[in-house]
There are 2 protein chains.
Amino acid sequence: MSKFYSEESKFYIAIDCIIFGFDKEKLKLLLIKRNFEPQKGKWSLMGGFLKPGESLDQAAERILEKLTGLREIYLEQLHSYGEVDRDSAGRVVSVAYYALIDVQKYNEIENSRYTAHWFDIDKKPALIFDHDQMTHDALERLKEKSSAHPIGFELLPDKFTLPQLQKLYEAIHQTPFDKRNFRKKILSFNILRRLDEKDKEGSRKGAFLYEIDQERYAKLIRDGHFQV
Amino acid sequence: MSKFYSEESKFYIAIDCIIFGFDKEKLKLLLIKRNFEPQKGKWSLMGGFLKPGESLDQAAERILEKLTGLREIYLEQLHSYGEVDRDSAGRVVSVAYYALIDVQKYNEIENSRYTAHWFDIDKKPALIFDHDQMTHDALERLKEKSSAHPIGFELLPDKFTLPQLQKLYEAIHQTPFDKRNFRKKILSFNILRRLDEKDKEGSRKGAFLYEIDQERYAKLIRDGHFQV
DNA sequence: CCAAAAGTGTTCAGCTTACACCCATGA
DNA sequence: TCATGGGTGTAAGCTGAACACTTTTGG
């Protein structure tokens with residue numbers, strides 16, 4: 001099989017997942033207490049090692065599912081990290097992926113294999129190795145990406161209100177938006193259907209729930225004229 | 001050293017470089033005739049294997065220098081490719097980088113170790129493995145990146161004319177720009193100094209040469225208000 | 001009846017786009 | 001003198017940003 005390359009060196013390849021969530025108020029990050037050495041007991045991103053029979057993408061899906069139980073999640077490769085000393089226990093090149101999930105979907109699932117916790121993005125603890133760097137890079141990517149592609153919806157439940165969507169974009173960009181301009185912009189894409197139903201959690205008056213018109217949404221992603 | 005991970009699998013890690021150039025007319029791609037098996041004699045991207053003592057970035061720099069003799073080149077990680085069967089000779093995960101270089105600088109260098117050739121981007125031959133995919137992805141990234149960051153200048157010589165710069169942006173975006181609007185926009189960034197010198201290669205009249213005001217250029221990159 | 005969040009339009013400035021003619025020069 | 005590419009300004013439309021009041025309802 002590898003007869004041509006046999007004099008070359010081989011390396012461990014890890015996959016690390018930056019898992020973003022949103023709980024109607026704040027942008028969250030799912031972290032685990034590392035249950036193996038080195039650095040056992042410290043907070044870290046969910047990760048694992050690449051196995052021979054799987055592609056990088058498949059490994060990322062496997063690792064994400066192992067923690068959250070969820071499949072068909074928005075998952076995108078971020079960057080590969082290859083400093084020689086990045087992992088204190090050996091030479092490991094890590095390919096980072098970031099994922100967007102609806103916190104409620106994860107919370108419904110019993111998961112006892114890991115000690116996991118959702119942290120507010122601005123209150124996360126220091127992480128092992130270069131995981132802080134990865135998290136920072138992922139947030140930057142999320143900012144860019146969510147400006148030009150309607151991926152923000154991946155973080156919300158199927159039904160959501162416009163104030164919730166706005167809070168999400170404000171959390172990602174860490175800056176407030178004007179309510180009227182934001183609504184005008186979002187509604188102009190014509191991908192939301194207003195339901196005859198209100199969510200009264202946030203206020204006395206209640207805010208209308210919306211759902212995505214999947215057909216128009218798919219079309220918008222293809223044509224790509226989304227710009228928040 | 002690796003006592004913690006010793007039951008995990010290891011992999012070959014390759015670095016492949018998508019090397020873009022510009023020759024005052026067209027966007028080019030530097031390819032080599034592969035001089036080792038498998039697929040010896042086919043056109044491919046310049047690549048090599050990661051070695052134990054170097055980071056991914058260092059490996060990319062080493063490999064780029066080996067082909068072009070150039071250091072301090074614009075070089076950025078693109079994506080990692082990890083399909084199980086992407087390399088027909090074994091399991092290899094490849095981390096792709098793209099580089100921007102001034103064709104003239106490369107041409108001045110004698111290089112006999114490789115059979116290399118600059119291809120017009122739209123006339124490149126079919127490449128081995130998933131290198132066509134990598135090239136496609138790199139061009140997309142270059143489009144995005146050059147819209148929001150002034151990296152186009154990396155592809156030009158120290159002195160260049162505005163028609164040349166425009167041709168470059170047209171080549172990258174594969175679409176024509178309006179001459180007056182393009183000049184207005186570029187000059188509005190205040191990062192170019194017009195010299196008292198003309199380049200007469202392109203026309204009878206000759207076009208003024210410009211050079212970059214490095215100070216303002218660095219400032220613009222920091223502040224990031226560039227938008228073509 | 002009051003507090004708290006939801007919902008709703010208009011105006012202005014700045015940017016993007018479209019567009020046509022004269023200039024300088026070498027052959 | 002003419003063919004070729006270089007250089008220049010203005011007007012119209014569009015988009016993004018700023019801004020304040022009314023509505024609903026639970027307590």
Side-chain angles (χ1 to χ4, degrees), chain A residues 23-26 143-144 146-148 150 152 156 159-190 192-211 220 223-228, chain B residues 23-26 143 146-148 150 156-157 159-171 173 175-211 220 223-228:
Chain A
D23 71 348
K24 300 187 178 171
E25 271 301 319
K26 299 206 153 191
K143 271 187 219 179
E144 276 178 49
S146 67
S147 303
L156 291 167
K159 298 176 183 180
F160 53 88
T161 69
L162 291 184
Q164 281 166 18
L165 183 62
Q166 183 172 348
K167 282 202 189 90
L168 169 58
Y169 271 87
E170 290 175 339
I172 292 175
H173 290 89
Q174 292 163 316
T175 179
F177 290 95
D178 178 88
K179 192 168 37 163
R180 280 170 288 193
N181 294 338
F182 182 80
R183 290 169 157 263
K184 212 184 313 169
K185 174 62 73 107
I186 294 293
L187 292 175
S188 76
F189 296 127
N190 264 311
L192 297 187
R193 242 196 316 269
R194 198 179 85 173
L195 305 174
D196 283 331
E197 205 179 337
K198 283 191 166 189
D199 175 12
K200 299 220 167 181
E201 276 190 44
S203 71
R204 309 267 151 89
K205 184 179 179 180
F208 278 106
L209 285 162
Y210 287 77
E211 65 181 10
L220 182 67
D223 305 356
H225 295 301
F226 183 91
Q227 189 69 244
V228 178
Chain B
D23 69 348
K24 301 186 177 171
E25 272 300 319
K26 300 206 154 190
K143 270 188 219 180
S146 66
S147 303
L156 290 167
K159 299 176 182 179
F160 53 86
T161 68
L162 291 184
Q164 280 164 20
L165 183 63
Q166 182 172 348
K167 282 202 188 92
L168 169 58
Y169 272 88
E170 289 176 339
H173 289 89
T175 178
F177 290 96
D178 179 88
K179 191 168 38 163
R180 280 170 288 193
N181 294 338
F182 183 80
R183 289 170 159 262
K184 211 185 313 171
K185 173 64 71 107
I186 294 293
L187 293 175
S188 76
F189 296 125
N190 264 312
I191 54 172
L192 296 187
R193 244 196 314 271
R194 198 179 85 173
L195 304 175
D196 283 331
E197 205 180 337
K198 285 191 163 188
D199 174 13
K200 299 219 166 181
E201 276 190 45
S203 71
R204 309 266 152 90
K205 184 178 177 180
F208 278 107
L209 285 163
Y210 287 77
E211 65 181 11
L220 183 66
D223 305 355
H225 295 303
F226 182 91
Q227 189 69 244
V228 180

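Here the structure is a predicted model, which is why all the values come from computation and not from measurement. Naming convention: chains lettered A, B, ... in sequence-line order (proteins, then strands); numbering from 1 in each chain.
For A/Gln164 and C/dA5, the CD to P distance is 14 Å, given to the nearest whole Å. The NZ-P distance, from B/Lys24 to D/dG5, rounds to 16 Å in whole Å. Computed from coordinates, the A/Lys200 NZ to C/dA6 C1' distance equals 12 Å when rounded to whole Å. At whole-Å resolution of the value, NZ in A/Lys198 and P in C/dA6 are 10 Å apart. Spacing between atom NZ of B/Lys185 and atom P of D/dT8 amounts to 18 Å, rounded to whole angstrom units. Put simply, CZ on B/Phe182 is 13 Å from P on C/dT16, counting in whole angstrom units.
Mapping A/Gly206 and A/Asp178 onto DNA chain C by nearest heavy atom places A/Gly206 at the nucleotide closer to the 5' end. Place B/Lys167 and B/Asn181 on DNA chain D by their nearest nucleotides, and B/Lys167 ends up nearer the 5' end.
Counting distance only, with no hydrogens placed and no angle test, the side-chain atoms of A/Arg180 and the base atoms of D/dA17 include no donor-acceptor pair under 3.5 Å. Residue-to-nucleotide contacts include a donor-acceptor pair under 3.5 Å from the side chain of B/Lys184 to the base of D/dT10. A/Lys205 contributes a side-chain N or O that forms a donor-acceptor pair with the base of C/dA6 under 3.5 Å.
A/Lys159 pairs with exactly one of A/Glu197, A/Glu211, A/Gln164 by the side-chain hydrogen bond (donor to acceptor under 3.5 Å, both in side chains) rule, that one being A/Glu197. When each of B/Ile186, B/Leu165, B/Leu162, B/Leu195 is tested with B/Tyr210 by the rule side chain to side chain contact (heavy atoms under 4.5 Å, CB included), just one qualifies, namely B/Leu162.
Distance alone, capped at 3.5 Å, places no donor-acceptor pair between the B/Gln166 side chain and the B/Arg183 backbone. In this structure, A/Lys185 contributes its side chain and A/Gln227 its backbone to a donor-acceptor pair below 3.5 Å.
When each of D/dG7, C/dA27, C/dA5 is scored by its nearest atom to the side-chain atoms of B/Arg204, the top-ranked nucleotide is C/dA27. Residue A/Arg194 has its side chain nearest to C/dT8 when only D/dG26, C/dG26, C/dT8 are considered.
Within 4.0 Å of B/Lys179, counting heavy atoms only, lies at least one base atom of the nucleic acid.
Within the 4.5 Å cutoff, the side chain of A/Lys167 has heavy atoms near those of the A/Glu25 side chain.
Listed pair A/Arg183 / C/dT8 meets the phosphate criterion, a side-chain N or O lying under 4.0 Å from OP1 or OP2.
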